[in-house]
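Reviewing the structure listed below.
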Amino acid sequence: MIDFKIKVAELIFESVKDMTIEEISSSLEAPQNPKMGDCAFPCFKLSKLMKKAPQVIAGEIKQLIDGNRGEFIDKIEAAGGYLNFFFNKSSAAESVLNAILSEKENYGRSKAGGGKCIVIDYSSPNIAKPFHVGHLYTTFIGAALYNMYEFLGYKPFGINYLGDWGTQFGKMLYAYKHWSSEELVDKDGLAELTRVYVKYSAEAETNPALDNEARLWLVKMQDGDEEALRLWKTFRDLSLEEYNKCYKRLGISFDSYNGESFYNDKMAAVVEELHAKNLLVEDNGAKIVRLDEYKMPPCLILRSDGGTLYPTRDIASAIYRYKNYNFSKALYITDARQSLHFAQWFKVAGLMGYPFESDLVHIPYGYLMLEDGAMSTRKGNYVTADTVFNEAAARVKAVINEKNPELEHKDEVAEQVGIGAVKFVILYNSRIKDVVFSLDKILSFDGETGPYVQYTHARASGVLEKAGRDDFANPDYSLLSDDDSLSIVKLLSQFTEKVEEAVQKYEPYVVTRYVTELAQAYNKFYHNNKILQAEPGLRKARLALTYGVKTVTASALALLGISAPDRM
RNA sequence: GUACCUGUAGCUCAGCCGGAUAGAGCAACGGCCUUCUAAGCCGUGGGUCAGGGGUUCGAAUCCCUUCAGGUACGCCA
């Protein structure tokens with residue numbers, strides 16, 4: 001397809017030698033008011049270089065390039081220091097829709113990534129604890145970025161860095177031994193483990209001796225005690241089994257489940273290396289790396305009892321991943337409270353001489369609270385992910401029964417729309433905002449929501465289905481010259497650049513908002529124009545446009561991990 | 001105390017590598033289903049872009065500062 005932006009940039013470049021073609025291209029913008037044009041070049045920066053008023057420059061450029069603007073631009077106007085380009089509606093529609101008609105669901109894909117590996121560390125729940133709404137942000141953002149990188153020609157590698165080792169397991173083992181049993185765990189699974197963990201936390205408040213007992217269990221694990229390891233493995237297997245049910249429901253899978261325990265035997269080498277490179281300093285019995293020079297508190301590597309810490313393990317894992325996956329970037333998707341931790345150990349990796357320091361990226365997201373306060377597994381104040389999805393599906397089913405009682409496969413559609421609604425809300429705003437989790441807010445289905453976009457897709461599908469197959473090949477694109485059609489065509493042409501922007505910002509919402517805009521544009525078009533009842537030529541052109549909307553909507557939703565049912 | 005994040009319409013948020021009249025959804029109010037799915041479309045009202053300085057031809061956007069809310073700062077992860 002024609003990239004209009006590049007065409008315009010090339011055209012301007014013919015007469016403006018003070019800027020590179022890339023500079024021109026990146027300064028191009030879309031006027032807020034479409035009546036002012038489809039693409040605008042601001043001349044204010046040139047005004048400094050050329051020492052002339054921007055209005056004058058715009059006029060001069062217009063004079064120079066107007067003659068050979070080609071057939072894809074109808075008109076060039078100089079207005080208020082801007083140079084405004086009006087696309088030829090027919091050739092715009094033709095280039096975009098022809099590309100979609102031939103490339104179908106591959107439309108928009110790019111090879112720009114060149115197969116470079118992007119390691120994405122996401123989801124990463126602590127095993128033996130429930131998978132709750134607090135895990136949804138990292139899980140959905142990670143999965144969406146994974147899809148987008150793949151779409152752009154990278155080779156993403158998803159790692160679920162399970163929290164499967166550490167002091168919490170000492171507590172868990174103590175709690176299990178005292179208050180639970182194999183039968184109870186068989187019966188209730190993670191819920192039972194969580195029950196005794198919550199009990200432990202409550203008891204430990206008043207009885208500090210428990211923590212010593214728990215520590216003994218951890219020591220047993222570290223020393224390879226048979227019973228401790230057997231229980232640990234049982235809990236780990238059980239957790240993975242339950243998580244995988246949930247991941248399957250969400251359509252998410254990982255390339256690796258190497259968790260914290262995987263690095264148990266890889267940390268000693270890191271400590272040794274830090275020591276050899278003279279980075280370790282003893283302080284109050286602990287070993288630290290000083291970071292004063294970088295205006296950060298020191299990074300703790302070894303406890304005073306010789307035990308390792310979170311940063312030690314993360315450095316070991318980064319080195320392992322670099323050696324084994326040769327990543328060009330490694331993304332860590334965690335909540336913003338861990339920002340300092342990541343900044344610290346990234347710096348330590350750099351001080352160790354690892355060149356990949358600059359390729360390590362922490363992608364923080366905001367704090368998620370429940371309506372009745374902070375979420376805490378320890379205190380038993382949490383909402384499991386399944387609870388939310390079940391409720392979502394149930395509410396969607398009620399809407400289906402009301403609006404479309406004849407629908408087939410109601411349960412399946414309710415599941416797709418319900419889960420889509422939850423994903424959509426979470427991927428709709430910038431990550432960093434703190435959120436109060438409210439079922440009622442997440443599960444409203446009007447306006448800028450997942451169901452709205454899915455509904456639009458189902459509408460388009462319905463029209464195409466009624467039209468019959470291939471009824472829209474080789475249409476007369478000049479019939480799509482109205483404003484409603486053109487705004488859709490412009491949006492369709494922006495698909496790839498929106499995905500690129502999302503990846504560049506590590507913000508899936510760019511795509512979420514894009515697909516919402518596309519849905520709004522199509523709904524407006526749909527309302528104002530007959531499609532199936534239009535006269536044959538027009539009908540064909542509008543069906544091609546409808547096909548474009550359906551295809552790109554489904555692709556964009558797929559990038560977000562959201563299904564696009566054909567009926568709902 | 002130090003550092004980071006946030007502050008835009010009643011609510012939830014876009015816009016922030018400076019550019020044309022600050023946008024959207026929800027909520028409120030008023031219209032549109034004998035016509036391709038009304039989970040839709042159209043309209044009305046609603047703003048000191050937290051406050052104050054500065055840089056600039058031009059600031060919601062960049063810099064400084066104050067305020068408000070949140071978070072993190074040695075043996076948890």
Side-chain angles (χ1 to χ4, degrees), chain A residues 26-27 29 31-33 36-37 40 42-45 47-48 53-54 79-82 84 124 126 161 163 165-168 171 260 283-288 295-311 313-314 334-341 343-344 364 366-367 369 396 399-400 402-404 407 417 421 425 428-430 432-436 438 441 444-456 458-467 509-510 513 516-517 519-520 522-534 539 542-543 546 567-568:
Chain A
S26 72
S27 68
E29 48 191 67
Q32 282 137 2
N33 185 344
M36 296 190 290
C43 300
F44 305 96
K45 287 193 181 86
S47 139
K48 247 176 213 159
Y82 286 88
N84 291 330
S124 311
N126 288 331
Y161 187 46
W165 201 262
T167 49
Q168 51 178 333
K171 297 176 182 177
E260 292 170 353
D283 194 89
N284 283 324
K287 301 272 204 230
I288 65 173
K295 293 180 179 163
M296 283 189 279
C299 183
L300 262 80
I301 300 297
L302 285 180
R303 283 190 259 140
S304 42
D305 68 1
T308 56
L309 286 150
Y310 191 31
R313 203 176 293 266
D314 275 354
T334 81
D335 100 46
R337 288 176 295 185
Q338 298 185 36
S339 295
L340 177 61
H341 158 72
Q344 286 176 311
Y367 192 35
M369 307 223 308
V396 170
V399 176
I400 292 174
E402 180 201 330
K403 310 228 179 208
N404 196 359
L407 184 71
V417 175
V425 177
Y428 194 71
N429 290 326
S430 53
I432 203 66
K433 303 273 182 187
D434 292 340
V435 286
V436 175
S438 149
K441 275 189 184 158
S444 95
F445 304 142
D446 298 324
E448 298 163 331
T449 64
Y452 172 82
V453 175
Q454 287 171 314
Y455 177 78
T456 309
R459 259 187 166 172
S461 296
V463 171
L464 291 167
E465 195 176 315
K466 288 198 171 102
Y509 81 78
V510 174
R513 285 176 185 258
T516 306
E517 261 188 88
Q520 285 168 331
Y522 185 73
N523 278 325
K524 184 172 185 165
F525 168 85
Y526 179 92
H527 183 263
N528 292 341
N529 300 283
K530 301 260 183 260
I531 302 170
L532 294 172
Q533 277 84 25
R539 171 185 149 112
R542 288 178 176 167
L543 283 171
T546 299
R567 290 155 192 260
M568 62 185 272

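All chains are named by letter (A, B, ...) in the order of the sequence lines, taking the proteins before the strands, and each is independently numbered beginning at 1. All figures in this text were calculated on a predicted structure; none of them were measured in a lab.
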At 4.0 Å (heavy atoms only), tell me whether [X] reaches a base, stays on the sugar-phosphate, or touches nothing.
X: A:D314; result: nothing
X: A:Q454; result: nothing
X: A:D305; result: nothing
X: A:N528; result: nothing
X: A:M568; result: base
X: A:A336; result: nothing

A:N523 versus A:Y455, side-chain donor and acceptor atoms under 3.5 Å: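 Their side chains do not contain a donor-acceptor pair, so the 3.5 Å distance test is not met.
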Polar side chain donor-acceptor pair, A:T546 to A:Y526, under 3.5 angstrom: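 Checked: A:T546/A:Y526 side chains show no N/O donor-acceptor pair below 3.5 Å.
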Shortest non-hydrogen contact from A:S444 toward A:T449: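 Residues A:S444 and A:T449, closest heavy atoms: O-CG2, 3.4 Å.
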Please identify each residue that fulfils side chain to side chain contact (heavy atoms under 4.5 Å, CB included) with [X], with sequence neighbours left out.
X: A:Q520; value: A:E448, A:Y452, A:T516, A:E517
X: A:M369; value: A:Y367
X: A:R539; value: A:A467, A:D471, A:L532, A:A534, A:L543
X: A:A458; value: A:M568

Tell me the interatomic distance from [X], atom [atom1], to [N], atom [atom2], rounded to whole angstroms.
X: A:L340; N: B:U2; atom1: CG; atom2: P; answer: 16 Å
X: A:L302; N: B:A77; atom1: CG; atom2: P; answer: 12 Å
X: A:E517; N: B:C13; atom1: CD; atom2: C1'; answer: 14 Å
X: A:K45; N: B:C17; atom1: NZ; atom2: P; answer: 11 Å
X: A:Q533; N: B:U35; atom1: CD; atom2: P; answer: 11 Å
X: A:R337; N: B:C76; atom1: CZ; atom2: P; answer: 18 Å
X: A:N523; N: B:U37; atom1: CG; atom2: C1'; answer: 11 Å
X: A:N33; N: B:A22; atom1: CG; atom2: P; answer: 13 Å

Nearest-angstrom distance, [atom1] atom, [N] to [M]:
N: B:C49; M: B:U21; atom1: P; result: 16 Å
N: B:G69; M: B:C62; atom1: C1'; result: 24 Å
N: B:A27; M: B:U34; atom1: P; result: 24 Å
N: B:U71; M: B:A9; atom1: P; result: 23 Å
N: B:G53; M: B:G15; atom1: P; result: 27 Å
N: B:G46; M: B:G30; atom1: C1'; result: 16 Å
N: B:U35; M: B:G45; atom1: C1'; result: 32 Å
N: B:A3; M: B:C11; atom1: P; result: 31 Å

Is any side-chain heavy atom of [X] less than 4.5 Å from a side-chain heavy atom of [Y]?
X: A:L302; Y: A:T308; result: yes
X: A:I432; Y: A:P364; result: yes
X: A:L340; Y: A:P297; result: yes
X: A:P311; Y: A:H341; result: yes
X: A:V463; Y: A:R542; result: no

Go ahead and name the base partner of [N]; Watson-Crick or wobble counts if both distances stay under 3.5 Å, otherwise write none.
N: B:U37; answer: none
N: B:U55; answer: none
N: B:C13; answer: B:G23
N: B:C29; answer: B:G43
N: B:A3; answer: B:U71

Syn or anti conformation of B:G10, syn meaning chi within 90° of 0: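 For B:G10, whose glycosidic angle is more than 90° from 0, the conformation is anti.
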Assigned glycosidic conformation for B:C63 [threshold 90° from 0]: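 Anti.
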5'-most by nearest nucleotide on RNA chain B - A:R313 or A:P42: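 Checking each residue's closest nucleotide, the 5'-ward one belongs to A:P42.
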Position toward the 5' end of RNA chain B (nearest nucleotide), A:T167 or A:C43: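 First, find each residue's nearest nucleotide; the 5'-ward one identifies A:C43.
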For the side chain of [X], counting heavy atoms from C-beta on, which of [options] is nearest?
X: A:L309; options: B:G74, B:A77, B:U37; answer: B:A77
X: A:Y452; options: B:A39, B:G40, B:G15; answer: B:G40
X: A:A40; options: B:G74, B:U37, B:A20; answer: B:A20

Contact list (N/O, under 3.5 angstrom) for nucleotides 4-12 of chain B vs protein:
unit_1: B:U6; atom_1: O3'; unit_2: A:K433; atom_2: NZ; d: 3.4
unit_1: B:G7; atom_1: OP1; unit_2: A:K433; atom_2: NZ; d: 3.1

Would one find a side-chain N or O of [X] under 4.0 angstrom from OP1 or OP2 of [N]?
X: A:Y310; N: B:A77; answer: no
X: A:Y522; N: B:C36; answer: no
X: A:R459; N: B:A38; answer: yes

Return the polar atom pairs (N/O with N/O) between nucleotides 23-28 of chain B and the protein under 3.5 Å, or none.
unit_1: B:A24; atom_1: O2'; unit_2: A:E448; atom_2: OE2; d: 2.0
unit_1: B:G25; atom_1: O4'; unit_2: A:E448; atom_2: OE1; d: 3.0
unit_1: B:G25; atom_1: O4'; unit_2: A:E448; atom_2: OE2; d: 3.2
unit_1: B:G25; atom_1: O2'; unit_2: A:E448; atom_2: N; d: 3.4

hbond_proxy A:K530 side chain to B:U35 base (donor-acceptor, 3.5 Å cutoff):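 Indeed there is one.
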Any donor-acceptor N/O pair, A:E260 side chain to A:Y161 backbone, under 3.5 Å: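 No, A:E260 side chain to A:Y161 backbone: no donor-acceptor pair under 3.5 Å.
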